[in-house]
Amino acid sequence: MAAAAALTAGFRKLPLPLAQLSLAAVLQCGQSFRWSIFPLTRCAPDTAADATTPSHEYRFCLKDRVVCLRQTPDALYYRSVCPTSLKPLDDDTREAQTLSWIRDYFQLDVDLLQLYEEWSDRDPVFRKLRHRFSGIRLLRQDPFECLLSFICSSNNNIKRISKMVKALCTEYTPALLSLPPPDEAEGELGVEAYHPFPPPSVLSAPEVAANLRKLGFGYRADFIQKTAKMLVDAHGSPSVAGTRPEPAEEWLSKLRAMTTADARIELLKLMGVGRKVADCVLLMSMDKPEVVPVDTHVHDIAKKYYGVAGSKAKTNMTPQLYDMVNTKLVNVWGTYAGWAQSVLFTSDLKAFASYGLDSPVPSDSTTAVATPTGSLPATPMQSPSPSKRKRGKKVAVQEETVAVTAAVFERLSATEGAVEVEYFTLAERVKRRRRGP
DNA sequence: ACTACACCTAGA
DNA sequence: CTAGGTGTAG
């Protein structure tokens, strides 16, 4: 009782079912790479199983404040900290601003439960698995941060991406403020500095590329500097340093109002941005919920089902194929197809297994997915190669993801005739990078 | 328009 | 050898 109260002391409360938002899931599934996560030590070990007290604190640094979040099954707890040097803003107005940021960032106006219902109605595969992916929704991220984060994501893993994004902040933005870890006021030993994400003008400097390479960014170092420079060159650098959004950032934000196809064309002009990265940015920061980024798993399976009708499965993913796959998945899941795909595939990456977010995987789950009930085709699923059977939880989850994807595609190919196929050819429209129309 | 292939780096 | 790719030259 007292312990529970202590864990939310100083926080404002926003009633919110866990099924609408699971911070533990959403903040670690590879959407944003900049949240700090702190396990909270329980006062009494006995209450460890008490699900009504928060187990973690999550922190995120904005331009003017650090947002701190905790969660229980029925509420989100929030508070924010501003630099003491700045204008003394009274708590109520400050937290009102924080709340409105939260609503926007987590897109709380979107009813996730309703979406789950819709996806369940449309797709038997989703219906069968929905219980395992509760509270997973898309963030509405800052476009520039999202763009650079996903430029970092090519041929890369979440862990390293997070490290790189953090390096960008600490290297190129002065610390906004420092905070001790949540639990303890253990002196100043654990204090951590919080840095906002750097603006385009700072990253556009020529020497940035070399420095980022030194920091281990690899070939992405040049992409980042070049993209930042392209944006700044095209839209101008800030008249006064330190002011709010730079022209380049505002321009990126305007892509939200454009059609998906047009916004994508703009993004593809930037260095290090191919179809996959562009689609991630569209989905996660540009209000384009129907966009389905085609990752390697979907990629492979799509090739298998749509690559070459009969010949070798070695077909590459071409822009047309990519479009076709995307269109077909929209036909399965609807206008929030990108969200649905994220729930099913983005969510169960490695990070999850270690956080106990997924319910135990039934031993027969793979078979169950492969031979779903209902209207799914009876086409037998190719069983996982015996050589891969290392029998770890991770491996099981990974295999299942592939199985789910394959099941969806099998259903697609079975209902081929009924599916409306109209897709635009992107390549035709992107005449040339780095050049106007 | 489609196909190869190199590219940085950390970790199985 | 791959990890949730992209630029570039044939």
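- In terms of the ring-ring contact (aromatic ring centres under 6.0 Å, His included) criterion, residue partners of A:Phe60 (sequence neighbours excluded) are, by chain and number, A:Trp35, A:Trp101, A:Tyr105.
- Here the C1' atom of nucleotide C:dC1 and the CG atom of A:Asn157 are 14 Å apart, to the nearest Å.
- Between the P atom of B:dC8 and the CD1 atom of A:Ile224 lies a distance of 13 Å, rounded to the nearest Å.
- The residue A:Asn156 sits close only to the backbone: its heavy atoms come under 4.0 Å of sugar-phosphate atoms, none of a base.
- Defined by atom type and a distance below 3.5 Å, a donor-acceptor pair is present between the side-chain atoms of A:Gln20 and A:Asp111.
- Regarding A:Lys163, its NZ atom lies at a distance of 12 Å from the C1' atom of B:dC8, rounded to whole Å.
- Place A:Phe223 and A:Cys280 on DNA chain C by their nearest nucleotides, and A:Cys280 ends up nearer the 5' end.
- Distance check on atom C1': B:dT3 versus C:dA3 gives 23 Å, rounded to whole Å.
- The P atoms of C:dG4 and B:dA4 are separated by 24 Å, rounded to the nearest whole Å.
- Rounded to an integer number of Å, the gap from CZ of A:Arg220 to C1' of B:dA10 is 10 Å.
- Between A:Phe150 atom CZ and C:dA3 atom P the separation is 17 Å, expressed in whole Å.
- Taking the centre and axis of the six-membered ring of A:Tyr78, the NZ or CZ atom of A:Arg70 falls outside the cone set by 45° and 6.0 Å.
- Residues passing the ring-ring contact (aromatic ring centres under 6.0 Å, His included) test with A:Phe126 are A:Tyr116, A:Trp119, sequence neighbours excluded.
- A straight line from CZ of A:Phe217 to P of B:dT9 spans 12 Å, rounded to a whole angstrom.
- In this structure A:Glu192 satisfies the salt bridge (charged side-chain N to carboxylate O under 4.0 Å, His left out) test together with A:Lys166, sequence neighbours excluded.
- For the pair A:Arg160 CZ and B:dA12 P, the computed distance is 14 Å after rounding to whole Å.
- Phosphate contact (OP1/OP2 of B:dA10, side-chain N/O of A:Lys159, threshold under 4.0 Å): absent.
- With sequence neighbours left out, A:Asp74 forms a salt bridge (charged side-chain N to carboxylate O under 4.0 Å, His left out) with no residue at all.
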Subject >> Watson-Crick or G-U pairs under 3.5 Å in DNA chain B, rendered as dot-bracket with [ ] for crossing pairs and | for another strand >> reply: .||||||.|||.
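- B:dG11 atom C1' lies 14 Å from atom CD1 of A:Ile161, rounded to whole Å.
- A search for ring-ring contact (aromatic ring centres under 6.0 Å, His included) contacts involving A:Phe150 returns A:Phe33, not counting sequence neighbours.
- Atom P of B:dC8 sits at a distance of 15 Å from the matching atom of C:dA9, rounded to the whole Å.
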